[in-house]
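Chain identifiers are assigned alphabetically (A, B, ...) following the order of the sequence lines, protein sequences preceding nucleic acid strands; residue numbering begins at 1 within each chain. No experiment lies behind these values; they were computed from the predicted model shown.
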There are 2 protein chains.
Amino acid sequence: MKKPASKPAEATAVHQVDDETLRNFIGYHMKRAFNVVQADLVQTLKPFDLRMLTYTALVLIVDNPGLRQSQLADAMDIERPNLVVIIDELERRELINRERVPTDRRAYALIATLAGRRLYEKAVAAVIAHESVLLDGIDETTRATVIAAMKQIEKSPRKG
Amino acid sequence: MKKPASKPAEATAVHQVDDETLRNFIGYHMKRAFNVVQADLVQTLKPFDLRMLTYTALVLIVDNPGLRQSQLADAMDIERPNLVVIIDELERRELINRERVPTDRRAYALIATLAGRRLYEKAVAAVIAHESVLLDGIDETTRATVIAAMKQIEKSPRKG
DNA sequence: TATTGTTATACTCTATAACTATA
DNA sequence: TATAGTTATAGAGTATAACAATA
């Protein structure tokens, strides 16, 4: 894929792979495009020692001070057990704190630290810059259409 | 997300999580939508004992008889080592065969068996049916726009 | 030297059951 | 009994290095 380069004659017989059956299968394209976005994001976030999930969690906590873990898991659309290690990591790095909720001692309110908010500022700027490169050539209208379609698929009743 | 249901007063204070920072981040929506598509596909393919990757490999092999593993890995956009176990599984189930290429004894030509072609027919029909449900409410023009945008992102220079 | 397929390995993400402490 | 957070665990996808056989 990266380099078609020079292939032996036998190989070039099929060098253009027929993917007609898959071409109208939207999941096929979403997977491939998402892999590119994901790989780019990994590189973009590496300097900040964040991954997509730690980045998303940090952003939502900064923007929603006092958020509970279960609410964050819902917002991120991941299972609660999987969120625990993400919160553990952010807390270990002193980017956020778990604070006991006095009125419900089972729950934690998640609060970003100053360091967390500073990292947020830098990481968000980097992600926006990288994404604008990735989406270069796709006009605003199209972007909005794509995002609206993604949201519609997200809300599909088949989800639960 | 699945069930906002009844939450204690303290929780409802933030029951609408502010995701404004993430809203225009296309990767955020792609991830969430892809998870829905992926989860649906898992269910759709379960009766055939296929996963997204084994399904994709089977389809491409049926449509491209004689394909080499390295070409298939390129077409599927996965690393060659990861394809090996997929091919192993399809071969163990006698859906495909690895056949030595006389002119290049390093390579294998991948050929679907009759059973493989029969499973292909059924699985492709099921996937098309399920996807049409998933995309219900998204008109043809929008679907084409989304697929075109995905292809453009796929081809981003940042990929390699 | 380079390429095909392979092995081994590690990391990430996802998903479920079962536990604890609170409510 | 139900919920919030946790632990443990398993399955799947992704990525890299290194190897044998062959070109």
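At whole-Å resolution of the value, CG in A:Leu83 and C1' in D:dT6 are 11 Å apart. Straight-line distance from the CZ atom of A:Arg80 to the C1' atom of D:dA2: 12 Å, rounded to whole Å. Rounded to whole Å, atom P of C:dT12 lies 19 Å from atom OH of A:Tyr55. Between the P atom of D:dG5 and the CG atom of A:Leu67 lies a distance of 9 Å, rounded to the nearest Å. When rounded to the nearest whole Å, the span between CZ of B:Arg68 and C1' of D:dA23 equals 13 Å. In this structure, the OH atom of B:Tyr108 is 12 Å from the C1' atom of D:dA20, given to the nearest Å. Between A:Glu79 atom CD and D:dG5 atom C1' there is a gap of 14 Å when expressed in whole angstrom units. As a whole-Å value, the separation of B:Ile78 CD1 from D:dA15 C1' is 12 Å.
A salt bridge links B:Arg98 to B:Asp88: at least one charged side-chain nitrogen sits closer than 4.0 Å to a carboxylate oxygen. Of the charged side-chain nitrogens involved, at least one lies within less than 4.0 Å of a carboxylate oxygen, so that B:Arg51 and B:Glu89 count as a salt-bridged pair. Salt bridge present: A:Glu140 and A:Arg143 bring a charged side-chain N and a carboxylate O closer than 4.0 Å.
In this structure, A:Leu53 reaches the sugar-phosphate backbone alone: every heavy-atom distance under 4.0 Å involves primed, P, OP1 or OP2 atoms, never a base.
Each of A:Leu90 and A:Ile111 belongs to its own hydrophobic cluster when Ile, Leu, Val, Met, Phe, Trp and Tyr are linked at side-chain heavy-atom distances under 4.5 angstrom.
Each of B:Asn82 and A:Asn82 was matched to the nucleotide of DNA chain C holding its nearest heavy atom; the match closer to the 5' end belongs to B:Asn82. When each of A:Val84 and A:Asn35 is assigned the nucleotide of DNA chain D bearing its nearest heavy atom, the one mapping closer to the 5' terminus is A:Val84. Toward the 5' end of DNA chain C, the nearer of the two residues A:Arg105 and A:Ile86, judged by each one's closest nucleotide, is A:Ile86.
Counting only heavy atoms from C-beta on, A:Ser70 has its side chain closest to D:dA4 among C:dA23, C:dT4, D:dA4. Side-chain proximity of B:Arg106 to C:dT4, D:dG13, D:dG5: nearest is C:dT4. Ranking C:dT6, D:dA12, C:dC13 by closeness to the B:Arg51 side chain, first place goes to D:dA12. Side-chain proximity of A:Ala107 to the nucleotides D:dT6, D:dA15, D:dA4 is greatest for D:dA4. The side chain of B:Pro81 lies closest to C:dT7 when the candidates are D:dT14, C:dT12, C:dT7.
The phosphate of C:dT4 has neither OP1 nor OP2 within less than 4.0 Å of any side-chain N or O from B:Gln71. Here B:Lys31 does not reach the OP1 or OP2 of C:dT12: none of its side-chain N or O atoms lies under 4.0 Å away. Between A:Arg98 and D:dT6 there is a side-chain N or O to OP1 or OP2 distance below 4.0 Å.
In terms of modelled atom types and a separation under 3.5 Å, the side chain of A:Asn64 and the main chain of A:Leu60 share a donor-acceptor contact.
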